[in-house]
Each structure stands twice: as structure tokens, then as C-alpha cells.
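Sequential numbering from 1 along the given sequence is applied to the chain's residues. Small disclaimer: the values here were computed from a predicted structure and weren't measured.
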Amino acid sequence: MTIALVDCNNFYVSCERVFNPKLEGVPVVVLSNNDGVAVARSAEAKALGIKMAEPWFKMERLAKKHGIIALSSNYTLYGDMSARVMSVLSTFSPKQEIYSIDECFLDLDSFDPQSLMTYGQKIRQTVKQNVGIPVCIGIADTKTLAKLANHCAKKGLAGENGVCDFGRLEKQECSALFASIPVGEVWGVGRRITEKLLTMNIETVEDLRSASQNAIREQFSVVLERTVQELNGIPCVELEETVTPRQQIMVSRSFGSMVTEFNDLAESVSYFATKAAEKLRDDGSVAASVCVYVRTNPFKEDEPQYQRSMIVPLGQPSDDTMALISAALKGLKKIYRSGYNYKKSGVLLMELQSKGTVQATLFDDASKQTKSDNMMSVMDTINRKMGQGSMTIAASGIRQRWAMRRDRMSQNFTTDWNDLPVAR
């Protein structure tokens, strides 16, 4: 078994740099919703000591001193760029597992081991040329080792030009390399597990790889035992080519400014239900119930606090945006209380199942269902072709005074006709 893990470098920042070359070589941070904290940093920003999740207001003085450029998150752009990267990568292997928005595994089992480094360089060059995004590649016998090889490629610990193939290293070289890497860098070993491992004098990857598997299983779980096996080149985690449908779909946002009126809250809930419905249809699923919730700002202790949620069952599982909005608004009317400054609302679609497995009833109206399916299909097609939000439900609002702050957001260069780059 030979697996490659392809990971985009500083993905959000790299997406911004594709359409704004002036950002190359400049410290850049991408901020979270409402321009709150750093969720992505360029290498230059990391070198200045900017930490992940550091609040923007804490780094403003440093930003002025060093010319750090801060940008609002543009998830529409990032999602589209991710799809383009994954499409290119799919041409390099018959089997691909998309692990996250900026990572995927490729099965290279049938490839010549002697040519893997060259093949990895070809993958990097093609992605860079076709999409403009830099990537690093880790190649190994298991997924856990491939993740670790990718870490080594990014840090320049092994390999060359952003590609690391553990298969080219001798056993002694691997042992020495693993002994220099903290155990917390292993895929699936989080902070709490790391702390417990340290009490057992397991400080490095090599320590974990050499640990007794029985002892690891007794102290932790079979999951970590499998991790140890994977570090020893024994595949325990299969490549998953098909995406498992989600069990729940949540869409929520903090507001750009406090909301007090029911109509504004209703707009936000309708908008979130619309977004959740789009994800639901992408999965080919339907929801049997809708949970809606609202809350005030828990950090403003001097203000009255209120938080409430309600689950609204649907008469028949559905993926119809209007049916889901109707259920969400029904719940909102029950939980809304005047006199509070609301900071956040959200919609959670629950009891999801495949649309094809829904049990029909004697009272189903086939013509009504066909009309709903056609309407949703038209809306999704228009939004994919013309850009998100081109066609939406009126209840979602137009001005959206509650919308999150994104004062520093770039254009939707690849998904909106009005934002297409112009050569001058």
C-alpha cells in the first residue's frame, strides 16, 4: 500500500494570492467571521509571531509596524478553489479521498516506487500551474505515515522541494527522523493525549512507534493502538473514496451587530435554513426535523442573557428550502423574547436520511413533490451557474442588517460574473 497526502500550503492565504500577486512575500492573515481572529497566516505572518486564533485587535499595533495585511474570510472563493485543486488531483490517481477543504489522499499503490518523488513533483507543478495553489506532498505506506511525511515536507525535515517519500529512507534514517519530531505531530494525537503520553515518557514519534501496543490500548483505546501500527507501516485506516453523508447539518453565524427585532432574527434564520438546505440536497439527503436556536452575547455579562432552542418535527422528511424555512420560523416564534440583544442564531437539520429511502405514505401528493423537486433543482442550477445568492427565498432578506462584518473581503473572482478579474 502506498498513499500520498497532498496538502495545500496556507490555503486561504494562497487563494487570495492567486488573484492578488502583490500579497506574495507580504505578511497576510485571514480573519474569522466578523473579522474576529486569525484563521490563516502566511509564512511571513507566522515568522512575526502571529498565532492561530489570535484576535485581530491584539495584533493591530504589530500589523501597522510590519505592514501585515488582514483579509476577511471569503469562503465562497476558498470552496471553489478547493474544488478546482481536488479536480486536478483526481487525474493523478484512480482512487482519491478528499479529507478536508485543503487536503486529500491519493492511492499510489500501483506506481513504480522509484518514480514516486518525480511523480510528486509533477503533481505539485501541475496544481501550481493549473490553479495557482502551492502544495506539499507526503508519501508513505499508511495514511498516518503519509500525514507525517507531509509534515516533514512542509518543515523541510526530509525530502526535497515540498515532497517527502518515507519509502526512500533507510530504517535508521527513519528512526533518527522520528526521534526528532514531537509526538503531538502525529495524526490523531491531540493535546490531551499528548499530555498523558508525556507522563509515560513518550515524547517523540519514535517513542510512540516503539511503545507496547498492548500498553497503549490499555491506557488509551484501540484507535491509538491502530495509530501505533500505522506508524510501523501496518495499514489500519482504509482509503475512503466515497464521502459519508452527514448525520446533521448546522449553519450558524454571529451577527455583525446586535439584533433585537424579530424580523431581523427571522431573516437570519431563513438565510441559514436556505444554506443548510443546499448542503442537504448536495448530499442527496432529507431532514425529518429542524432545530432553531438564538442566544445573546455571553461575554457581555452586564446585559440580560437569554439562550433558547427548539426542535420542530416535519410531517414528512424534506429537502425543500421553503419547508425547512417554515419549520425554522415556527420554532423561532416560540422561543423569541423581546428585550434582549441577540448575538447569534442558527439552524440545525436533524434525523437525516437518504432521499431514496424515504417511506411513502397514503397521503403523499406526488405532483406536489415533483413540483418541489423541480423548483429546488432550478434554484440550485441557477446559483451554481450565476453565483451563490443569485436566486434565493425572499424571507432571507436583502439588506441583512444582521450580516456578519466582512469589511476586508476580496472579490468572488471565480463564482460571480461581476467579480471576474479584469486584465488591464
Please tabulate, for the side chains in residues 183-195, all donor-acceptor contacts under 3.5 angstrom to protein atoms that are two or more places apart in sequence or on a different chain.
{"from": "Trp187", "atom 1": "NE1", "to": "Tyr99", "atom 2": "OH", "distance (Å)": "3.0"}
{"from": "Arg191", "atom 1": "NH1", "to": "Glu195", "atom 2": "OE2", "distance (Å)": "3.2"}
{"from": "Thr194", "atom 1": "OG1", "to": "Gly190", "atom 2": "O", "distance (Å)": "2.7"}

Show me, pair by pair, the donor-acceptor contacts under 3.5 angstrom made by side chains of residues 319-329, not counting sequence neighbours?
{"from": "Asp319", "atom 1": "OD2", "to": "Lys355", "atom 2": "NZ", "distance (Å)": "3.0"}
{"from": "Asp320", "atom 1": "OD1", "to": "Met322", "atom 2": "N", "distance (Å)": "2.8"}
{"from": "Asp320", "atom 1": "OD1", "to": "Ala323", "atom 2": "N", "distance (Å)": "3.2"}
{"from": "Asp320", "atom 1": "OD2", "to": "Ser372", "atom 2": "OG", "distance (Å)": "2.4"}
{"from": "Thr321", "atom 1": "OG1", "to": "Arg281", "atom 2": "NH1", "distance (Å)": "3.0"}
{"from": "Thr321", "atom 1": "OG1", "to": "Arg281", "atom 2": "NH2", "distance (Å)": "3.4"}

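Ion pairing between Lys279 and Asp283 fails under the 4.0 Å rule for side-chain N and carboxylate O. Glu97 has a carboxylate O that lies under 4.0 Å from a charged side-chain N of Lys143, or vice versa, which qualifies the two as a salt bridge. Contact check on Glu54 versus Arg41 returns no salt bridge, with no Lys/Arg side-chain nitrogen under 4.0 Å from an Asp/Glu carboxylate oxygen.
The side-chain heavy atoms of Asp264 and Ser268, taken from C-beta on, include no pair separated by under 4.5 Å. Using a 4.5 Å heavy-atom cutoff, the side chains of Val294 and Gln307 are not in contact. Using a 4.5 Å heavy-atom cutoff, the side chains of Leu71 and Val29 are not in contact. Val39 is listed as a side-chain neighbour of Ser73, based on a closest heavy-atom distance under 4.5 Å. The closest side-chain heavy-atom distance from Leu89 to Ile123 is below 4.5 Å.
The shortest non-hydrogen separation linking Val127 to Val135 is CG1-CG1, 3.9 Å. The two residues Ala40 and Met52 make their nearest non-hydrogen contact at N-SD, 4.2 Å. For the residue pair Asn297 and Lys343, the shortest heavy atom distance occurs at N-CB, 3.7 Å. Between Phe166 and Cys152, the shortest heavy-atom contact is CZ-SG, 4.0 Å. Annotation for Met81 and Thr414: closest pair SD-CG2, 4.2 Å, computed over non-hydrogen atoms. Contact detail for Pro317 and Val286: the closest heavy-atom pair is CB-CG2, 3.6 Å.
Figure legend: cation-pi geometry between Lys344 and Phe255 absent, as NZ or CZ is not positioned both under 6.0 Å from the six-membered ring centre and within 45° of its axis. Because its NZ or CZ atom is not both nearer than 6.0 Å to the ring centre of Phe262 and within 45° of the ring axis, Lys333 does not count as a cation-pi partner of that residue.
In this structure, the side chain of Asn383 engages the main chain of Met379 through a donor-acceptor pair within 3.5 Å.
A donor and an acceptor atom, one from each side chain of Ser90 and Gln96, are nowhere located under 3.5 Å apart. Donor-acceptor pairing under 3.5 Å is lacking for the side chains of Thr260 and Asn341. Checked by atom type, the side-chain pair Asn74/Asn412 shows a donor-acceptor distance below 3.5 Å. Looking only at atom types and distance, the side chain of Ser42 has a donor-acceptor partner in the side chain of Glu44 under 3.5 Å away. Side-chain polar atoms of Ser14 and Asn9 form no donor-acceptor pair below 3.5 angstrom. In the model, Asp107 has no side-chain atom that pairs as donor or acceptor with a side-chain atom of Ser93 under 3.5 Å. Side-chain N/O atoms of Thr227 and Thr144 include no donor and acceptor closer than 3.5 Å.
Applying the ring pair (Phe, Tyr, Trp, His ring centres under 6.0 Å) rule to pairs touching residues 44-65 yields nothing, sequence neighbours excluded.
Below 30°, between 30° and 60°, or above 60°: for Tyr12 and Tyr78 the angle between ring planes is below 30°, a parallel geometry.
Among the candidates Glu218, Arg226, Gln229, the single residue satisfying the side chain to side chain donor-acceptor pair (under 3.5 Å) test with Gln213 is Gln229. With Val205 as reference, Leu148 is the one residue of Leu148, Leu145, Leu177 to meet the side chain to side chain contact (heavy atoms under 4.5 Å, CB included) rule.
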Taking it one step at a time, do Ser270 and Glu267 satisfy side-chain hydrogen bond (donor to acceptor under 3.5 Å, both in side chains)?
CA-CA 5 Å; Ser270 299; Glu267 276 192 5; over 6 Å; no
Given the rule in the side-chain hydrogen bond (donor to acceptor under 3.5 Å, both in side chains) test, do Asp207 and Thr204 qualify, once you have shown the distances and angles that lead to the verdict?
CA-CA 5 Å; Asp207 292 337; Thr204 68; 3.2 Å; yes
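Rounded to the nearest 0.5 Å, atoms CD1 (Ile3) and CG (Leu239) are 5.0 Å apart.
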